Q: 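Pasting a structure here, questions to come.
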Amino acid sequence: GDSVTQMEGPVTLSEEAFLTINCTYTATGYPSLFWYVQYPGEGLQLLLKATKADDKGSNKGFEATYRKETTSFHLEKGSVQVSDSAVYFCALSASSGNTGKLIFGQGTTLQVKP
Amino acid sequence: NAGVTQTPKFRILKIGQSMTLQCTQDMNHNYMYWYRQDPGMGLKLIYYSVGAGITDKGEVPNGYNVSRSTTEDFPLRLELAAPSQTSVYFCASRVKGGGQTEAFFGQGTRLTVV
């Protein structure tokens, strides 16, 4: 079945460091891919998405490119801030069927130190 | 803008007790979901619904029941609570045909079964 694998956390960075969180997926067809972020004590909120191969999603300085050939959707940010400390989830939504179910990776905790 | 509202935010149950987690959304979304979040495990789908009167099992449905009598409400029922149901529960919704669209999440219900 469809699945998402993220790099293990926690990831600890200093402010202004470069961030990469790896995400790979297994799916039939052409899923849509998402990054969701969860700040402490809150629900998940959409960070960015890409719906077809080679699409780049971007928001708040974060970027991710849908790579069909490597089945990846790595999250990057050039210069992290303390306020980026959160849990990041990679997710996919299958192209087949019509239920809109999201399949999540296990989440990666990011801690940014001043 | 209320979005997705979950109640209660916290609850402690004794083994064998029952409870209902409430979820309501005011965006007229057809699709609604219940997920549970366990540490280091990402989010697992419990049940979902594609419209009023239609529900189906997700990945981890055992020990839970749902109903969907209206578009707005999607309550999750726990019968005979067990320690394995200690988790954070999230309700989410999406527009119909929402494979490419954003899912909106509630703030979660933290449940402890003792």
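The shown structure was predicted, so the numbers you read here are calculated from the model rather than taken from an experiment. Note that these values count all heavy atoms, side chains included, but never hydrogens, waters or copies made by symmetry.
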Q: Please look at B:Gln37 and chain A and tell me whether the side chain, the backbone, both or neither of the residue comes under 4.5 angstrom of a heavy atom of that chain.
A: side chain

Q: Using the rule that Ile, Leu, Val, Met, Phe, Trp and Tyr join whenever any side-chain heavy atoms are under 4.5 Å apart, tell me whether B:Leu111 and B:Phe74 fall into a single cluster.
A: yes

Q: Can you check whether anything in residues 81-89 of chain A gets within less than 4.5 Å of chain B, heavy-atom wise, and list it by number?
A: A:Phe89

Q: Between B:Phe90 and A:Gln38, is any pair of side-chain heavy atoms under 4.5 Å apart?
A: yes

Q: Using the rule that Ile, Leu, Val, Met, Phe, Trp and Tyr join whenever any side-chain heavy atoms are under 4.5 Å apart, tell me whether A:Val4 and B:Val60 fall into a single cluster.
A: no

Q: Give the interface residues of residues 101-111 of chain A toward chain B, defined by a heavy-atom separation under 4.5 Å.
A: A:Lys101, A:Leu102, A:Phe104, A:Gly105, A:Gln106

Q: Is it the side chain or the backbone of B:Leu43 that comes within 4.5 Å of chain A heavy atoms, both, or neither?
A: both

Q: Which one wins on heavy-atom pair count under 4.5 Å against chain A: B:Lys9, B:Met41, B:Arg110?
A: B:Met41

Q: Please evaluate residues A:Glu16 and A:Ser79 with respect to the criterion side chain to side chain donor-acceptor pair (under 3.5 Å), reporting the C-alpha separation (whole Å), side-chain torsions for both, the decisive distance (0.1 Å), and the verdict.
A: CA-CA 4 Å; A:Glu16 299 184 3; A:Ser79 176; 5.2 Å; no

Q: Tell me whether B:Gln6 contacts the main-chain N or O of B:Tyr89 through its side chain, where contact means a donor paired with an acceptor under 3.5 Å.
A: yes

Q: Is there a path of hydrophobic side-chain contacts, each under 4.5 Å between heavy atoms of I, L, V, M, F, W or Y residues, that connects A:Tyr36 with B:Tyr48?
A: yes

Q: For the pair B:Gln85 (side chain) and B:Val113 (backbone), establish whether a donor and an acceptor sit closer than 3.5 Å, ignoring hydrogens and angles.
A: no

Q: For the side chain of B:Asp26 and the backbone of B:Gly3, is there at least one donor-acceptor N/O pair under 3.5 Å apart?
A: yes

Q: Among A:Leu47, A:Thr20, A:Asn22, whose side-chain contact (heavy atoms from CB on, under 4.5 Å) with A:Leu75 holds?
A: A:Leu47

Q: Can you say whether the rings of B:Tyr33 and B:Tyr35 are parallel (under 30°), tilted (30 to 60°) or perpendicular (over 60°)?
A: tilted

Q: Can you find a pair of side-chain heavy atoms, one from B:Leu78 and one from B:Tyr64, that are under 4.5 Å apart?
A: yes

